[in-house]
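Reminder, nothing fancy here: chain letters follow the sequence lines and each chain counts from 1.
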There are 2 protein chains.
Amino acid sequence: METTKRILDELKTNGFRRSAAREALLRTLETAQSPLSVPDIERRLASGPRSFNKTTVYREIEFLKTAGYVSELTLRNDVALYELAGPHHHHLVCVDCGTVRDVAVKEESWECEERRIEKKEGFRVLDHSLEFFGLCGSCQ
Amino acid sequence: METTKRILDELKTNGFRRSAAREALLRTLETAQSPLSVPDIERRLASGPRSFNKTTVYREIEFLKTAGYVSELTLRNDVALYELAGPHHHHLVCVDCGTVRDVAVKEESWECEERRIEKKEGFRVLDHSLEFFGLCGSCQ
DNA sequence: CACTATAACGCAACTCGGTTGCGTTTGTAA
DNA sequence: TTACAAACGCAACCGAGTTGCGTTATAGTG
Ligand SMILES: [Mn+2]
Ligand SMILES: [Mn+2]
Ligand SMILES: [Zn+2]
Ligand SMILES: [Zn+2]
């Protein structure tokens, strides 16, 4: 826990300030149990002690993404979702209620597949996205 | 070839008309060598014998998607891309030039993974998306 | 070849996530 | 305390995608 504090400290050693918006945004992401959209974040911030301009939120998300502390999630042309960056993982997305859950996938099975692609297709694989769509426990 | 004609025929037997927009749009997707966005499609149509209103293009895409002839592709929060529906497959996306290519992936290796998820997570998997991001031959 | 029903279309106005420019505020270290 | 730049707010903007509604055109019928 206290990921927020750790990130703020790391940022400070690199010359970035501990601002109210930055801390509030990090705490929001840390306490969220699933990825949030920017509108989500704005609402949660607004229901706290103070709200922030949407430009600030977008810029801060962009900053934290570039710094590697936040990762962006793309699902079926909905709005972008954000979560605190962690080890590489994938998601279960309920097509009914929209909830998003982390899921561990054994990647070894098809990392050889990536190497095969690199060789056969002449394409240098840097990253991949894999998400599962279906029905969560409460929706099936 | 002549996927366009086949689709138009199939649609006609179901009571849907062979309209100019529908035919032009299908031909555009058929001759495209990679998925297109709606703005892409609008531009290509406009440089042909006649152009169509963007609402028409959106509605037609939606119609063909629902009818199962077009599939939508979502990559890293860019605009939606569309291609003629075919057998399930995945894509190689160049993060430099943006080109999108089909790629065959042996799914057997991790279909057991899906079943494991269903059992362990209590989540009914209906579908998945898997895309590879990296550098194409000309960009690496 | 009319006639008709309705699928398909165009237009204008709108929504909303996301961006940009610019002037102001605020955190931090000297 | 001061000064510099990081961070912020505001207003205007952009562009993909949507909606309502009146009009046009396709295709089956007589
Ligand atoms: Mn996650
Ligand atoms: Mn494809
Ligand atoms: Zn659900
Ligand atoms: Zn490339």
Rounded to whole Å, the CG-P distance (B:D78 to D:dG17) equals 10 Å
Taken to the nearest whole Å, NZ/A:K12 to P/D:dA6 is 16 Å
Whole-Å distance, A:D9 CG to C:dT28 P, equals 11 Å
Inspect the surroundings of CZ in A:R116 and state if more than 12 heavy atoms from other residues, nucleotides or ligands are less than 6.0 Å away.
-> yes
In whole angstroms, the gap separating P of C:dG18 from CG of A:L81 amounts to 9 Å
Exercise. Compare side-chain N and O positions of A:T55 against OP1 and OP2 of D:dG9 and report whether any pair is under 4.0 Å apart.
Key: no
Check ion pair A:R43-A:D40 (N to O, under 4.0 angstrom): yes
Tell me whether B:R101 forms a cation-pi arrangement with A:F123, defined as NZ or CZ under 6.0 Å from the six-membered ring centre and within 45 degrees of its axis. no
From CG of A:L8 across to P of D:dA6 the rounded distance in Å is 17 Å
Against the side chain of A:R59, the closest entry in D:dG20, D:dA16, D:dG9 is D:dG9
task = State whether B:R27 and B:E2 are salt-bridged, where the test is any N-O pair (Lys NZ or Arg NE/NH1/NH2 against Asp/Glu carboxylate O) under 4.0 Å.
result = yes
Whole-Å distance, A:L64 CG to D:dC8 P, equals 10 Å
Contact check, residues 16-24 of chain B vs DNA chain D, heavy-atom distance under 4.0 Å, returns B:R17, B:R18
Review point. Do the side-chain N or O atoms of A:Y58 get closer than 4.0 angstrom to the phosphate oxygens (OP1, OP2) of C:dG18?
Key: yes
Legend entry - B:K5 vs B:R18 side-chain heavy atoms within contact, under 4.5 Å: yes
* To do: Inspect the contact between B:R59 and B:E62 and indicate whether a charged nitrogen and a carboxylate oxygen are less than 4.0 angstrom apart.
  => no
Taken to the nearest whole Å, NZ/A:K54 to C1'/C:dT15 is 11 Å
### Message
Does a side-chain N or O of B:R50 approach OP1 or OP2 of C:dC9 to a distance below 4.0 Å, or not?
### Response
no
message: Before you tell me yes or no, could you show the steps for A:E111 and A:R115 under salt bridge (Lys or Arg N to Asp or Glu O under 4.0 Å), namely the whole-Å CA-CA distance, both residues' side-chain angles and the distance that decides it to 0.1 Å?
response: CA-CA 7 Å; A:E111 271 174 359; A:R115 277 187 290 276; 5.1 Å; no
Separation of D:dT19 atom P from B:N53 atom CG, nearest Å, is 15 Å
